[in-house]
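To start, the structure under review is shown below, and the notes come after it.
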Amino acid sequence: MTTLDLAMAVTVGGLFATGFFLLLDRALMRVLLGVLLLGHAANLLLLLSGGAPGRAPLVPGHGRLADPLPQAMALTAIVITFGVTTLLLALVHRAWQLDGHDEVRDDLEDRRIGTVHDREDAAPPAGPGEAAGRTGQGGGGRAP
Amino acid sequence: MIAWLLAAPLLLPVPAAGISFALPGRHAARQLLGVAVLCCTLADAVALLVLAERGGPRAATLGGWPAPLGITLVADRLSALLLTVSLAVALAVLVFSAGQDLADAGRAASVSSVAFVPAYLLLTAGVGLAFLAGDLFNLFVAFELMLTASYVLLTLGAGPTRLRAGMTYTLTSLASSLLFLSTIALCYAAAGTVNLADLAGRIGGVPGDVRAALSVLLLVVFGIKAAVVPLHFWLPDSYPTAPAPVTALFAALLTKVSVYALVRTQTLLFPREGDWTLLAVAAVATLLVGGLGALAQDDVNRLLSFVLVSHIGFLLFGLALFDEAGLTGTVLYTVHHIAVQTGLFLAVGLAVRAAGTSSLSRLAAAAPPPAPVAVLFLLPAMSIAGLPPTSGFVAKFALLRAAAGRGGAAAVLVAAALLTSLLTLYAVLRVWRAVFGAGPRRPPPGPRRGEALMLGATAAIVLVGVGVAAGAAELSGISERAAHALLEREGYRHAVLGGSIG
């Protein structure tokens with residue numbers, strides 16, 4: 001087991017929290033920034049898993065060295081997150097080109113279910129029993 | 001020699017992807033190269049399967065570093081078997097897409113884009129590496145290779161609808177990948193290694209609660225990627241928007257690779273006695289939500305996507321039992337499901353193509369497709385519903401037999417599995433009635449080469465499914481030995497670490 005100092009723990013935790021918060025946004029650009037921050041958080045965590053920071057990297061004759069394996073893994077992961085972020089940027093740009101904005105639209109299926117309920121609510125009740133059942137369904141299925 | 005064999009599923013497609021990008025002119029040249037490379041890789045996978053079946057797991061380290069540090073590739077019965085089936089299916093789907101391309105000549109379709117074949121080859125390279133990876137970090141790299149290629153395939157030439165679906169898919173996968181990376185970091189911090197064989201030995205020294213947390217983290221990571229309920233929402237939204245061959249490929253490979261990774265990590269790193277209740281609950285939820293979801297759909301591709309989700313539950317079923325019989329069932333079911341689900345998507349793709357719509361209500365009004373397509377749909381449809389004597393029946397029987405006579409979670413699993421089989425049967429019958437029901441049949445396709453190629457590729461995959469049923473005795477034997485090796489663990493560790501097991 002390796003120990004983690006408080007400053008780094010707070011940094012990694014903050015990056016994760018901000019990243020996930022931004023990921024929940026509707027604007028794709030913010031989502032992209034969220035992914036970037038999450039990537040940083042994961043890479044930093046990977047780097048920290050090799051032990052306390054501050055030790056020398058691979059230099060012969062310097063006593064205790066930092067573990068090079070997490071550094072190699074973090075480097076690889078940085079390249080991967082960089083590549084994926086570029087692709088994501090292209091997708092965001094394409095969405096902006098197609099829609100003129102970068103907001104995520106409502107899910108198609110959600111909208112379809114919503115219109116079904118609207119239609120059912122608008123329709124005149126067929127009979128007392130059925131009407132009660134229908135309003136019950138509509139009330140349960142839709143957010144107020 | 002063995003190192004070359006193990007590295008070939010990665011070393012062949014990656015340079016070929018680059019070359020195919022640079023190939024001038026015709027798209028046909030790219031496709032021929034792709035088919036040729038996949039043929040070679042498939043032959044290599046068969047060789048690996050034979051080697052693993054005869055002499056147990058084979059391992060090789062690349063780059064000159066010894067086992068716990070270097071890049072380790074391992075082929076045992078499970079990985080070689082799944083690799084072989086996956087590559088066979090990938091090859092057939094590539095031929096199908098070539099056929100679609102020929103038939104669509106002149107129309108701008110996404111499968112004829114310059115990037116299609118390179119992305120396709122990179123995806124198969126990622127799948128190959130994922131099956132053979134001997135450490136967690138390589139597994140991560142393999143997943144990234146596979147998923148990045150899949151982002152490209154899903155969004156090639158996309159309109160607004162597909163782009164939105166593609167964003168959902170990309171972001172969900174990306175979030176799970178970053179979670180995977182964090183899990184790797186935590187594993188390294190806890191145990192000081194990410195090599196699976198080495199980790200299996202060292203994880204015993206990690207405190208029990210940390211071990212449980214790592215196990216659940218890996219379950220969540222692969223659960224998102226495998227669309228395990230309640231982490232499945234992205235799948236029915238994204239897969240159906242892609243062109244038929246891409247959907248078929250994703251359905252065949254991506255979720256199965258994740259299930260494989262789940263089985264590999266959980267059996268190797270976190271051995272347990274008796275049922276795994278958490279996974280049993282997830283399996284029951286996956287079975288029922290997928291099965292019921294399929295009934296509610298009008299879009300035929302969405303319906304099949306929900307069927308796919310529900311059958312992930314069957315794959316988890318055997319792992320939740322966590323014994324040799326259960327894992328045998330999971331291995332057998334994975335092999336069967338790769339072939340059958342792809343066959344279904346391709347056959348429905350042919351029917352949708354003929355009618356020009358994927359809505360069941362509108363398909364019912366259109367003229368039914370020609371008889372060969374109906375046969376190509378009927379065989380995998382019967383198989384996925386588990387009717388004897390198809391491969392689905394063989395695989396389901398193996399799972400149910402494993403759970404028979406065990407109380408508790410196993411009994412609930414059996415009930416859910418039987419109910420889901422009925423729901424699946426009803427769902428595919430709905431498709432059958434709407435798509436292939438009464439009415440004057442369309443004439444069989446004309447002499448166009450493309451259509452014949454598409455029919456042939458679909459037939460080949462359906463035949464793989466039939467082959468699973470025909471060779472059930474052999475396959476059960478291999479699956480049983482694979483499951484035994486999964487639980488026994490020593491063979492795998494010995495192959496990777498040699499004599500240095502501490």
Side-chain angles (χ1 to χ4, degrees), chain A residues 1-4 12 16 19-20 23-24 28 31-32 34-51 67-70 72-74 76-81 83-88 90-92 94-100 102 104-110 112-113, chain B residues 65 68-69 135-138 140-141 143-145 147-149 151-152 154-155 157-168 170-175 177-195 205-207 210 233 236-237 240-241 296-299 302:
Chain A
M1 292 290 273
T2 48
T3 50
L4 197 64
V12 171
F16 266 119
F20 275 117
L23 206 57
L24 300 177
L28 284 176
V31 172
L32 182 90
V35 170
L36 266 176
L37 288 185
L38 280 181
H40 290 335
N43 286 327
L44 206 53
L45 191 64
L46 201 54
L47 204 59
L48 286 173
S49 67
D67 189 346
L69 201 58
M73 292 195 285
T76 316
I78 287 169
V79 174
I80 290 174
T81 36
V84 174
T85 310
T86 319
L87 180 74
L88 214 52
L91 286 182
V92 173
R94 183 84 185 124
W96 181 75
Q97 269 186 333
L98 286 173
D99 293 344
D102 72 340
V104 179
R105 288 175 304 153
D106 280 343
D107 185 53
L108 199 65
E109 207 67 12
D110 283 356
R112 209 172 288 155
I113 293 168
Chain B
W65 291 89
L69 296 177
D135 65 62
L136 278 178
F137 192 75
N138 269 347
F140 167 75
V141 174
F143 267 108
E144 284 309 293
L145 186 56
L147 291 174
T148 311
Y151 308 150
V152 174
L154 192 62
T155 50
T161 318
R162 187 132 70 86
L163 190 70
R164 188 201 178 284
M167 277 313 266
T168 315
T170 308
L171 288 170
T172 317
S173 307
L174 211 53
S177 291
L178 291 171
L179 208 55
F180 189 14
L181 195 58
S182 315
T183 312
I184 291 172
L186 295 176
C187 261
Y188 193 85
T193 180
V194 288
N195 183 297
V206 173
V210 178
F233 293 99
D237 278 343
T241 58
Q297 302 305 318
D298 183 55
D299 183 300
R302 271 184 80 90

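Each chain gets a letter, A, B and so on, in the order the sequences are listed, and its residues count up from 1. What's counted below: heavy atoms across the whole structure, side chains too, no hydrogens, waters or symmetry copies.
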(request) For the residue pair B:L181 and A:M73, establish whether any side-chain heavy-atom pair is separated by less than 4.5 Å. (result) no

(request) Under 4.5 Å heavy-atom distance to chain B, tell me which part of A:L87 shows up: side chain, backbone, both or neither. (result) side chain

(request) Give, for atom CG of A:L46 and atom SG of B:C187, the distance between the pair rounded to the nearest 0.5 Å. (result) 11.0 Å

(request) Go through the atoms of B:F140 and report whether side chain, backbone, both or neither lie under 4.5 Å from a heavy atom of chain A. (result) side chain

(request) Can you tell which part of A:V35 gets under 4.5 Å to a heavy atom of chain B, answering side chain, backbone, both or neither? (result) both

(message) Please find the pair of heavy atoms, one from A:D99 and one from B:P160, that lie closest to each other, and give the distance.
(response) OD1-CB, 4.1 Å

(message) Under a 4.5 Å cutoff for heavy-atom pairs, which residue among B:A165, B:A185, B:S177 has the most contacts with chain A?
(response) B:A185

(request) Using non-hydrogen atoms and a 4.5 Å limit, figure out which bit of A:I80 sits close to chain B: side chain, backbone, both or neither. (result) side chain

(message) If I measure from the heavy atoms of chain A, does B:D299 come under 4.5 Å with its side chain, its backbone, both, or neither?
(response) neither

(message) Using a 4.5 angstrom heavy-atom cutoff, name the option from B:T161, B:L69, B:L171, B:L145 with the most pairs to chain A.
(response) B:L171

(message) Within this structure, what is the CG-OG1 distance for the pair B:L178 and A:T81, rounded to the nearest 0.5 Å?
(response) 7.5 Å

(request) Go through A:V31, A:L32, A:V92, A:D67 and name the one with the most non-hydrogen pairs under 4.5 angstrom from chain B. (result) A:D67

(request) Identify the heavy atoms of B:Y188 and A:P70 that sit nearest to each other, and give their distance. (result) CE2-CG, 3.3 Å

(request) Identify which of A:L88, A:L47, A:N43, A:L23 forms the greatest number of heavy-atom pairs closer than 4.5 Å to chain B. (result) A:L88

(message) Rounded at 0.5 Å granularity, tell me how far CZ in A:F16 sits from CG in B:L179.
(response) 7.5 Å

(message) Heavy-atom pairs under 4.5 Å with chain A - which of B:T155, B:D237, B:T168 has more of them than the others?
(response) B:D237

